[in-house]
S.K.: 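This is the structure I want to talk about, given as structure tokens.
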Amino acid sequence: MPTARLNASSYFPVIKSLDIESYVTTPRQHLVRRANEASTLVVNAMASVEDKPTKIYPGETKGFVEEMRYVVMRLHPRAHASEGKKDGPVSPWSFTIEGYLKFLVDSKLVFDTLETIVHESTVPAYAGLKNTGLERAENLRRDLEWFKEQGHEIPEPMASGKTYSQYLKNIAEKDHPALICHFYNIYFAHSSGGRMVGTKVSAKILDNKELEFYKWDGQLSELLQNVGQELNKVAELWTREEKNHCLEETETSFKLYWEIFNYLLP
Ligand code: HEM
């Protein structure tokens, strides 16, 4: 019986229709092809990133508090920030008890206002900012009491303190990101530059008396860290627009608080 010759093309029609040649490459061609495919992937990835532009704001990777800190540090006049850092007795600042009392009285009004707002408000963003341990109004009350006992006359709040207080009341319920900006700046400014200024004042005109304004129950660094975490949590719920609005408010906070610091400066 004659054996029928197998016709490969009739048994493997599929193979025939494929261009096998296209699969066959030299090692070099293989590498060139893979490289082309890889670069196509990279180009496509770049195109998709360009489609959705994303900006990284300074400090953003560490949390929103770091963004606020970055903005306010840029507002500090270089000379003042570095002056505040020097501990030595050599300072061009000439402090007076009179000026210092104005600073303390207006500071008390601002802290009082902020603390009352946060304490009495039902705004969810402020809920975690009640009783943080950073509150200063009560300590300031005791300091002013001490000055009175020393025979000093305690002045009435001045325009700077009243203006800042009124401003905080105006924004408290209707602009939460703005109020949070003031909250951060007022407390963190006091615990940083404010504290350094206090030490200088004390050394120069108060015989190193340590005022209650600069004393906290517990470790200040821990209190600040806890509040920082809380502020970061609040800001995580915000849109980028709300975050930017909060950051933009820094300038107002700096200007208003600076007016109060001004009582100390010649
Ligand atoms: C006489 C006035 C002031 C002086 C001498 C001063 C000085 C300083 C200094 C030396 C620092 C520390 C910088 C560092 O750690 O690298 C600082 C931090 C800071 N200042 Fe001021 N400052 C003054 C006024 C203000 C005002 C008016 C505000 C805002 C309302 C403000 C807000 C802050 C904040 C938020 C920080 C960051 C604190 C932190 O991250 O712990 N400062 N300041």
Side-chain angles (χ1 to χ4, degrees), residues 58-96 99-100 102-104 106-111 113-115 129 132-134 136 158-161 163-168 171 177-205 213-214 216 218-232 234-235 243 246-266:
E60 193 178 5
T61 50
K62 290 191 190 163
F64 190 65
V65 165
E66 203 54 35
E67 288 190 50
M68 290 194 282
R69 185 178 143 76
Y70 176 85
V71 174
V72 74
M73 287 325 296
R74 290 174 67 101
L75 293 176
H76 281 69
R78 271 180 146 238
H80 278 148
S82 55
E83 173 56 30
K85 273 183 179 172
K86 281 189 221 150
D87 317 306
V90 192
S91 167
W93 293 4
S94 53
F95 301 116
T96 60
Y100 194 46
K102 284 181 187 164
F103 168 75
L104 293 179
D106 277 18
S107 295
K108 180 173 179 294
L109 179 58
V110 169
F111 279 104
T113 307
L114 190 54
E115 280 153 29
L129 303 173
T132 60
L134 291 182
R136 297 291 85 196
M158 310 271 289
S160 308
T163 306
Y164 204 171
S165 165
Q166 192 53 53
Y167 186 85
L168 292 173
I171 61 167
L179 190 93
I180 293 285
C181 173
H182 290 272
F183 185 95
Y184 162 74
N185 277 292
I186 290 169
Y187 284 110
F188 282 64
H190 174 62
S191 69
S192 182
R195 203 155 51 107
M196 292 180 207
V197 172
T199 311
K200 278 167 178 282
V201 174
S202 171
K204 282 204 156 189
I205 59 172
F213 195 21
Y214 309 102
W216 287 263
Q219 279 287 318
L220 176 61
S221 55
E222 257 175 52
L223 300 176
L224 292 171
Q225 204 185 346
N226 292 342
V227 171
Q229 278 170 5
E230 189 55 40
L231 293 172
N232 281 339
V234 169
K243 286 182 182 175
C246 175
L247 294 177
E248 280 156 17
E249 188 71 8
T250 308
E251 205 177 338
T252 305
S253 172
F254 196 83
K255 274 189 194 154
L256 291 173
Y257 204 9
W258 187 260
E259 288 297 316
I260 297 174
F261 270 97
N262 247 330
Y263 295 128
L264 297 171
L265 304 173

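Quick caveat, the model's predicted, so the values are computed rather than measured. Each ligand, and each atom within it, is numbered from 1 in the order the structure gives.
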S.K.: Taking non-hydrogen atoms only, is Phe261 closer than 4.0 angstrom to ligand 1 via side chain, backbone, both or neither?
M.R.: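 Side chain only; the backbone of Phe261 stays clear of ligand 1.
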
S.K.: Look at the side chain of Thr113 and the backbone N and O of Leu109, then say whether any donor-acceptor pair between them is shorter than 3.5 Å.
M.R.: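 Yes, because the side chain of Thr113 sits within donor-acceptor range (under 3.5 Å) of the backbone of Leu109.
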
S.K.: Just so I know, are the side chains of His182 and Ile171 near enough to count as touching, which here means a heavy-atom distance under 4.5 Å?
M.R.: yes

S.K.: Which residue from His76, Glu66, Arg69, Glu259 reaches closest to atom 43 (N) of ligand 1 through any of its heavy atoms?
M.R.: His76

S.K.: For ligand 1, is there an atom lying under 4.0 Å from some heavy atom of Met73?
M.R.: yes

S.K.: Heavy-atom distance under 4.5 Å between the side chains of Phe111 and Ile186, does that happen here?
M.R.: yes

S.K.: Got a list of side-chain donor-acceptor pairs under 3.5 Å for residues 188-199, not counting sequence neighbours?
M.R.:
residue : atom : partner : partner atom : Å
His190  : NE2  : Phe213  : O            : 2.9
Ser191  : OG   : Tyr187  : O            : 3.4
Ser191  : OG   : Phe188  : O            : 3.1
Arg195  : NE   : Ser191  : O            : 2.8
Arg195  : NH2  : Ser191  : O            : 3.4
Thr199  : OG1  : Arg195  : O            : 2.9

S.K.: When you measure from the side chain of Thr132 to the backbone N and O of Leu129, does any donor-acceptor pair fall under 3.5 Å?
M.R.: no

S.K.: Mind checking whether Ala189 contacts ligand 1 via backbone (N, CA, C, O), side chain (CB onward), both or neither, at a 4.0 Å heavy-atom cut-off?
M.R.: both

S.K.: Of all the atoms in ligand 1, which lie at a distance below 4.0 Å from a heavy atom belonging to Val72?
M.R.: 32 (C), 34 (C), 35 (C)

S.K.: Ring pair (Phe, Tyr, Trp, His ring centres under 6.0 Å) with Tyr257: which residues, sequence neighbours excluded?
M.R.: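 Testing Tyr257 for ring pair (Phe, Tyr, Trp, His ring centres under 6.0 Å), a comparison that skips the adjacent residues, returns Phe261.
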
S.K.: Evaluating non-hydrogen atoms only, which member of Cys181, Gly193, Pro77 is closest to atom 8 (C) of ligand 1?
M.R.: Gly193

S.K.: Polar contacts were defined as any N/O atom of the residue lying under 3.5 Å from an N/O atom of the ligand; does this apply to Ser191 and ligand 1?
M.R.: no

S.K.: Suppose I only count heavy atoms of Tyr184 and a 4.0 Å limit; which atoms of ligand 1 are within that range?
M.R.: 35 (C), 37 (C), 40 (O)

S.K.: Which ligand 1 atoms, with their elements, are less than 4.0 angstrom from a heavy-atom of Ser253?
M.R.: 30 (C)

S.K.: Show the nearest heavy-atom pair for residues Phe64 and Cys246, with the distance to one decimal.
M.R.: CE2-SG, 3.6 Å

S.K.: Can you confirm, on distance only, whether ligand 1 has an N/O atom lying under 3.5 Å from any N/O atom belonging to Trp258?
M.R.: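 Looking only at distances, the answer is no, because the N/O contact criterion of under 3.5 Å is not met.
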
